[in-house]
Student: 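The structure under discussion is supplied below as structure tokens; questions concerning it will follow.
All heavy atoms count here, side chains included; hydrogens, waters and symmetry mates do not.
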Amino acid sequence: MILDKHIVLIDDELDVVEAVSEMLELEGFRVSAFTDPNQGLKSLSPNSRSVVLCDVRMPAIDGLTLLSAIQHRAPNVPVLLMSGHGDIPMAIEAIKLGAFDFLEKPLNADEIISKLNLALTHSQQTQTAQSSTDTTPDIPIEAAIIGQSKSIENIRKQVLALAHTGVDTIINGETGTGKEVIARALHTFSRRKDKPFVAINCGGMTESIIESELFGHEAGSFTSANKKRIGKLEQANGGTLFLDEIESMPIAVQIKLLRVIQERVIERVGGNVLIPIDMVVIAASKADLASLSESGEFRADLFYRLNIASLHLPSLQERKEDIQLLFRHFVIQASQKYKTRPSTIYAEQIQQLCRHSWPGNVRELRNVADRFVLGIVGDGFDLQTPIAESCGDDFAFEKQMEQYERNVLTEALIETLGNINEVSTKLNLPRKTLYRKMKKHHLDKDSFKTQ
């Protein structure tokens, strides 16, 4: 039984995308269509229960290259190729290299439906057979770490590489840059993803409290210890321990933590039994731990033991090209959380977002998005008074109109949770026109659906 008939359609010809999408949706398939093969590739995750239907020959990429890229990103996703008569030799070669099948243009509707159903059945049987041992995440890395800047693209690549190695890591970044988001991604994309992710903030804790939090204690080990308590280190056994604001950890606790990291054993407070643990340690700091270790404010041996790998997160000011994408993402999340529809995001408000210095980084941006959805004013920056100055190269009339069009589409998609039929009716736009405009503004209907 096919539970989810999801097709990822990739073709550089918009007319083909619109015609095939409409035909498949009428037959009960759920279609994610792309004219940009790179965007289509990014929509896939290792656990995607989908089938890719793509053209063999596109200006930017050929079928064999795209097939190889899909096999690396989502090895269990079947790929069906559409080929003109002249490209059949390439399609046959692709089948030898692992493509599921190919369809010759002009396309036959019955043949497409039959082969897609076979491919979906094959995909879901393969997924079911592997589900007991599968350790790959259910989402693409782009959904976990959002942004289109080069710095964030580099962070995503580093996260995937480090997640596979399972080494201890230090994450550096200003307050609010998303250090815990990155730590969770390192866990989610690792083989430990089904094991515990345990986070503890070391800031503001006394030595005795943080020691008890980390190591746990035996009953009677101190006055208020009425019963045994399992600490964070023990809870993280098999998984990942995230130590936020590690620069605030008392020196005496740093010494004990170093022993744990070196020997992978712990001793509860008041106990004398060595308990073996297996975990990856991710430490985050807003301060420069190398400088602190040189000045004696942080244990140098602990720093070097943790610093097998390190990631530096840029401030939001350094990745301004991500502001609009992040803000719209947070607005969608907030509108679903608070079950309300936000006001239209006007071009002038995007200008305000770009002009702001964001001392609180991504955390501040999320708070602004929440207040925007709720229509309230809080302490600090708010989107209240539109301004007419640009944070881009210019503020031309055409750009303002394009932004307005994108705002109208986004608002309708938010309100309908990505239902294309409802958006088409609401905006009085033919489906083909709607699809064309969504492609133009890089709007994906699936990103507006309730998770």
Student: Are any side-chain N or O atoms of Arg264 and backbone N or O atoms of Met279, one a donor and one an acceptor, separated by less than 3.5 Å?
Tutor: yes
Student: Do Met58 and Leu66 make a side-chain contact, defined as non-hydrogen atoms from C-beta onward lying under 4.5 Å apart?
Tutor: yes
Student: Step by step, would you call Ser315 with Gln317 a side chain to side chain donor-acceptor pair (under 3.5 Å)?
Tutor: CA-CA 5 Å; Ser315 67; Gln317 182 76 6; over 6 Å; no
Student: Is there side-chain contact between Arg299 and Ile255, with at least one heavy-atom pair below 4.5 Å?
Tutor: yes
Student: Tell me, do Leu9 and Ser32 make a side-chain contact under 4.5 Å, heavy atoms counted?
Tutor: no
Student: Examine the side chains of Ser149 and Asp322 and answer whether a donor and an acceptor come within less than 3.5 Å of each other.
Tutor: yes
Student: Whether Arg73 and Glu142 form a salt bridge (side-chain N of Lys/Arg under 4.0 Å from carboxylate O of Asp/Glu) is what I want to check.
Tutor: yes
Student: For the pair His356 and Phe381, name the ring-plane relationship: parallel under 30°, tilted 30 to 60°, perpendicular over 60°.
Tutor: parallel
Student: Indicate whether any N or O donor in one side chain lies under 3.5 Å from an N or O acceptor in the other, for Ser190 and His164.
Tutor: no
Student: Give a yes or no on whether the ring-centroid distance for Phe372 and Phe330 is below 6.0 angstrom.
Tutor: no
Student: Quick one: are Leu186 and Phe242 in side-chain contact, heavy atoms under 4.5 Å?
Tutor: no
Student: Is a side-chain donor or acceptor of Ser48 paired with a backbone partner of Ser50 at a separation under 3.5 angstrom?
Tutor: no
Student: Hey, are Ser68 and Thr65 close enough side-chain-wise for a donor-acceptor pair under 3.5 Å?
Tutor: no
Student: Within the side chain of Ser310, is there an N or O that forms a donor-acceptor pair under 3.5 Å with the backbone of Asn307?
Tutor: no
Student: Quickly, which of Leu162, Val159, Ile182 forms a side-chain contact (heavy atoms from CB on, under 4.5 Å) with Thr169? Name it, please.
Tutor: Leu162
Student: Counting N and O atoms only, with roles assigned by atom type, does the side chain of Arg319 sit under 3.5 Å from a partner on the main chain of Ile152, one being a donor and the other an acceptor?
Tutor: no
Student: Test salt bridge (Lys or Arg N to Asp or Glu O under 4.0 Å) on Glu245 and Lys179 and set out the steps.
Tutor: CA-CA 10 Å; Glu245 297 188 39; Lys179 294 186 285 293; over 6 Å; no
Student: Is a donor on one side and an acceptor on the other found under 3.5 Å between the side chain of Lys320 and the backbone of Cys354?
Tutor: yes
Student: For Tyr338, I'd like to know if atom OH has over 12 heavy atoms of other residues, nucleotides or ligands within 6.0 Å.
Tutor: yes
Student: Does any part of the side chain of Gln324, heavy atoms only, come nearer than 4.5 Å to the side chain of Gln148, both counted from C-beta?
Tutor: no
Student: For the backbone of Leu289 and the side chain of Ser293, can you confirm whether one donor and one acceptor N or O come within less than 3.5 Å of each other?
Tutor: yes
Student: How about NZ on Lys150, more than 12 heavy atoms from neighbouring residues, nucleotides or ligands closer than 6.0 Å, or not?
Tutor: no
Student: Under 4.0 Å between a Lys/Arg side-chain N and an Asp/Glu carboxylate O for Arg268 and Glu234?
Tutor: yes
Student: Can a salt bridge be assigned to the pair Asp11 and Arg57 using a cut-off of 4.0 Å between side-chain N and carboxylate O?
Tutor: no
Student: Any salt bridge between Arg363 and Glu180, counting N to O under 4.0 Å?
Tutor: no
Student: Just by modelled atom types, is the Ser208 backbone N or O under 3.5 Å from a matching donor or acceptor in the Glu211 side chain?
Tutor: no
Student: State whether the side chain of Ser212 and the backbone N or O of Ile209 hold a donor-acceptor pair below 3.5 Å, judged by distance alone.
Tutor: no
Student: Would you call Glu153-Arg156 a salt bridge at under 4.0 Å N-O?
Tutor: yes
Student: Show the nearest heavy-atom pair for residues Ser151 and Pro314, with the distance to one decimal.
Tutor: OG-CG, 3.6 Å
Student: Do Val265 and Ile275 have side-chain heavy atoms sitting under 4.5 Å apart?
Tutor: no
Student: Give a yes or no on whether the backbone of Ala163 and the side-chain of His187 come within a donor-acceptor separation of less than 3.5 Å.
Tutor: no
Student: Taking NZ, NE, NH1 and NH2 as the nitrogens, is one of them in Glu207 or Lys256 under 4.0 Å from a carboxylate oxygen of the other?
Tutor: no
Student: Would Asp278 and Arg192 count as a salt bridge (Lys or Arg N to Asp or Glu O under 4.0 Å) if you check the C-alpha gap in whole Å, the side-chain angles of each, and the deciding distance to 0.1 Å?
Tutor: CA-CA 10 Å; Asp278 169 32; Arg192 300 171 180 265; 2.9 Å; yes
Student: Any donor-acceptor pair under 3.5 Å linking the side chain of Asp168 with the backbone of Val281?
Tutor: yes
